[in-house]
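Below, chains carry the letters A, B, ... as their sequence lines are ordered, and counting in each starts from 1.
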Amino acid sequence: MHILQEGISQRQPIQAWDGTHLVQAFHAAEQWLKQHVPAINRLNVFPVPDGDTGTNMHLTLAAALYGVTPAASCALVTDQVYRGALMGARGNSGVILSQILYGIAQALSNHDICGPVELAHALSRASTTAYLSTSDPREGTILTVIREMGEAAQQALKQAGADLLSVLSAAVEGARTAVERTPTLLKVLHDAGVVDAGGQGLYIIFEGMLRWARGESLTVVKSATDEQEMLTPAFTDVHGEDAFGYCTNLLLRGEGLPIEGIRHHMDTVGRSVVVVGDDSLVRLHIHTLRPGDILNYVMQYGELLRIEIANMDQQRAALHQHTSGDTSGVEPPYRDMQRISSLNNTARSTGRVGVVAVAPGKGFAEIFRSFGAGAVITGGQTMNPSTQDVLAAIESLPQDEVVILPNNSNVILAARQTVKLTRKHVGVIVSKTVPQGVAAMIRFNATSDLNANVAAMQEELAHVATAEITTAVRDAWLAGQAVRAGQFIALLDGELVVAGDSVEEVIDAVLERMDMGKRENLTIYYGQDVSVQKAQMLAERLQACYPEHEIEVRSGGQPVYNYILSAE
Amino acid sequence: MANIKIVTDSAADIPLELAYEMGIEVVPLLIRINDRIYRSGIDISQEQVFALQQEDGHIIRTIAPAPTFFEQIYRNLAMEYDHIFSVHLSGRLGGVHRAAKHACTKLPASLTRMGIIDSRSASMGLGMIVLAAAQAVRDGASPEEVQQLISRMMQHTHVVFFVDSLEYLEQSGRLSVAAHVLNSMQRIKPLMILDDGDIVPYERTRTRAKAIEGLFTFIEDFPQVRDVYIMYATTPDDVDKLVEKVELIFPRDEIQVGQFGPSIGVHLGPGAMGVAVFEGLDAG
C-alpha cells in the first residue's frame, strides 16, 4: 500500500488526526520499523544468531495493518489495528506491542479525532494494558519505554501551547531516553552491552509516526554513525571511558613471548580481550579506542605477522548482511499458515485432548507427531509463530480441549493469547525449550482430561536440563571472560554459560554443569547443518565419558543450533 | 468335602516351592532358544534367559504347551480329584489357555468337573488369583465358592509394569494392539497395565526413576490395598527404592517381592519391573 506520497513533506503539521491520518501514521511507522529490523534483531542479550525481536515486532505491526481499511474515525481505525495485531502477534515483544495497540484502541474507542489530549491519554492507557499483559512485568524492557512515553506525553500536555506534534515529539523523546536507560535497569542488557530490543522497536515505531507528522523522509540513510547510535545509545553512559571503538586482531611472532603478561596488559587497556597461543606465536583480539597503542605495546616483544583493525560499525554492517536475509517481503502477514501441518491418522481424531506443538525442525516435528501431537507448527527458534498461527492450529484439531507446547520462551505469550480467542479449552504448558516440550509430550495422555494432562505435562518440565550449542554472532562477555564472534557457545536452560573454540570443548563444559550424576539419559538432537555421522561420533565419545547413561541420537533438524542436548 | 485341584501355568510366576506347598499344579510354558526347547523354570532359569537376552543373536520365544500335554495332566489329575480349576495366562498374551481349553474337549465329559479359566492377567496378577484359590481350597471352600472367588479376584487384581526397552515386547508380538501408541521415535520407559487381558499403555516416562515413581503412584491411587506384590527382572536395587516408597502407605513386612520367571521375562527383557495389587474383594 502506497499511501505515502512524495508530496507530503511540504504540508503543514496537522493539529488533530482523523482516522485517515492515523492509518497513514501507522503505515509510516511500519515503513520506518521495517528498515530497522536487522539492527533491532542484533540487539540480543546473548550473542546467539536467532535474535528476532525486530522481525517479530515488524511482522506484528504489518499484520495489524494488513486488513485495515482507512476510515474517518480514529476509533474505527485503532480497533481494526488492535484486532490485526492481536492475531498477528509474534514473540513476546509482538504480544506486548499488540497490548499497547489494545490500550490505544481502548482510549480512542469513543473518539473520531486524535488530538494532543487523546494521544497522551492513549499512551498512558497503553502503558497500563502493556503491564497487564505479562505476569512478570520487568523494568528495563519495552514496558518501561511505553510507561515513560505516557509520562512524557502527559508532561508535554501541561506546557503552554501544547499541540499534537509537541506531545508526540515529547513521547518519542521519552521513548529514546527510556531505551537508553534500559541497560541500567536490566543487568543482562548491561552485561551484553545492548539496549532492550523491544523498547528500541517501540521507539522506532513512534519515531516513524513523528517523522511522518513532521513531513520528514522515511527512508533510512545508511550511515555508520546512525547505526552505532541505534546499537549502543547508552553505552557511553553505562561504561564511561570504557567504550570501545576498534576491533583489533593481530598475530605476533617472537621468542619467549610473555603471553600472561600480554593478556594482563590488554585487560587494562580494552575489552573483549582474547590472547591465545604459545611463547612463539600469539593471537590477540581486543576492542580498544586506541589501536595504535596496542601495536606499539606488542611490537616490543616481536614481529607482527597480521594486523586487522576494524571499525566496530563496519563489523556490524558485515554481520548484518550475513544474518538479515529473510526479513523483507512479508506480505501477506499470514504467509506462514501453511507451516501448520496436521496429522491425518487416527491419533488425531481419537482422544479427548489434542496437542499443538511448535517445533523448530523436521526431526522435532516427527517426534512430536509420534507421541500424538495433532498439529505441529514448524518454527520457533528463528521464526516465532504468531498468535494467528497457533490459533489456526488449535482450530484444525477435532478436539475441544487442546494443550499447547510453545517450546520456546518467546512463543509462550503468543500461545497464551489464544486462550481468550478460541471457544475451545486451551492449556498452555510453559515449555521454554524443545527438550522440555518433548518431555512434556511423553507424559501426554489423550484419554485423560485437559487439567490432568496440563498438570502432568507441566510437572515434567522441571526434570529436564537443556543445553543449546551454537556459534556467537558477536563478541560478548561471559562471567568476565571474552567471547569472540565465531566461537562456539552453549546456553544451559536459556543462559549463556560456556564458550570455546571447538564444539567438543563446549559440550564437555556444559555437560559438567548439567548434574549428570543425577541424570539417566542424554539425548543429542543434531541440527540441520550437522551430519548424522558427526552426531554419532559425538555420541560415542560421550558414551565413553558417561558409560552409565543411555545416550540417544536424534535428528532435530533445527536451524542455527548445531546441537540441542537434553538430560533427564 | 469336594476334592479340588488348582492348575495354572508358569506365567503365574509363582515360585515352585510355594506352588508345591499350596498344592498347585504348574504347567511349564516352553522356551525356545535358537533351536532348542526348554521347560520354563525347570530346564532354564530366568537368570539364564536375561543373560542370553543381553547377548546378541539369540532368538528366544515362548511356546504354549501342546494340548496333548494338558490332556495327559488332566487325565492324571482326574484320577485323584473331582474338580479341576485350570487358571491361565491371558488368552490375549499367549496360547496356553487355548491349549488347555482344547485338551478339555478331548476328555470324556464324565471324567471330572473341569473349569478352564482365562485369568485375563499375567505374572503375579495371575499368581495372586491362583494362590487365593488354592488357599480357599485348603480352607474347605466348595467348587462354586472357588469359582466365584476366582472371578471376583480377577476383577480386583491389577497389574502395572514397565520395561527398560520395548524391544522384547515388540519381538514377541505382544504389543500389536498398543504398538501404535507406544511405538515412537524416542527411547522411553513406558508404563503399561493389563486391561481385560491386554497390554495397554498407561503412562510414558523417560527415566527409570520416574517409571518407578509411576509404579508407586499406581499403588497409591487405590483407595484400599490388601496385597502388594513387586516383581523385577534383573534390578533388585530398584525394588528397594520402590519398597522405600511403598512402605509409607503399606506395611513393609507385608510387601511381597518376586522375580519374573522365564515365561514372562522373555517378553519383558532385563530391567523390567512390575507391581500386582489386590484391592480386596469388598473394594468398590
Side-chain angles (χ1 to χ4, degrees), chain A residues 343 345-348 350-351 359 362-373 434-448 452-453 455-457 459-465 517-525 539 548-557 566-568, chain B residues 53-54 158 160 162-168 170 175-196 198-218 220-221 233-235 237-238 241-242 245 269-273:
Chain A
L343 265 191
N345 70 14
T346 49
R348 186 173 172 238
T350 57
K362 271 190 187 172
F364 281 121
E366 283 298 312
I367 289 165
F368 282 109
R369 285 195 197 99
S370 78
F371 284 112
V434 195
Q436 283 191 340
V438 172
M441 191 70 224
I442 287 170
R443 276 293 291 275
F444 171 66
N445 181 346
T447 56
S448 60
N453 268 304
M457 293 169 84
E459 193 260 333
E460 212 61 18
L461 304 180
H463 304 297
V464 187
K518 292 185 194 152
R519 312 283 176 186
E520 286 185 28
N521 60 41
L522 175 71
T523 311
I524 300 167
Y525 300 98
E548 296 291 304
H549 292 72
E550 271 189 24
I551 297 186
E552 190 174 7
V553 177
R554 291 284 166 210
S555 162
S566 164
E568 285 169 69
Chain B
Q53 282 177 323
Q54 277 159 316
H158 309 274
V160 62
F162 70 84
V163 292
D164 210 38
S165 158
L166 280 169
E167 184 184 345
Y168 305 101
E170 276 169 356
L175 261 187
S176 52
V177 179
H180 71 279
V181 187
L182 287 172
N183 192 14
S184 74
M185 308 188 57
Q186 297 272 202
R187 228 178 270 174
I188 51 173
K189 312 262 176 272
L191 282 169
M192 289 162 277
I193 55 171
L194 290 180
D195 181 16
D196 201 23
D198 254 334
I199 296 175
V200 173
Y202 177 64
E203 200 174 277
R204 294 182 294 213
T205 63
R206 278 282 272 166
T207 60
R208 289 188 67 83
K210 273 192 256 148
I212 292 167
E213 180 69 29
L215 296 181
F216 169 68
T217 314
F218 181 85
E220 195 188 22
D221 283 348
T234 52
T235 54
D237 292 352
D238 284 343
K241 287 182 199 158
L242 180 56
K245 291 177 198 280
M273 267 180 85

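- Using a 4.5 Å cut-off on side-chain heavy atoms (C-beta onward), His463(A) and Arg206(B) make no contact.
- Panel note: side chain Glu568(A), backbone Thr207(B); no donor-acceptor pair is recorded below 3.5 Å.
- A 4.5 Å side-chain heavy-atom check between Thr205(B) and Ile442(A) finds every atom pair outside the cut-off.
- Side-chain contact between Arg443(A) and Arg204(B) is absent, with no heavy-atom pair separated by less than 4.5 Å.
- Side-chain contact between Lys189(B) and Glu550(A) is present, with at least one heavy-atom pair separated by less than 4.5 Å.
- Look at Lys210(B) and Glu460(A) and you find a salt bridge, because one of the NZ, NE, NH1 or NH2 atoms lies within 4.0 Å of a carboxylate O, short of that distance.
- Among all heavy-atom pairs drawn from Tyr202(B) and Asn445(A), the shortest one is O-ND2, 3.7 Å.
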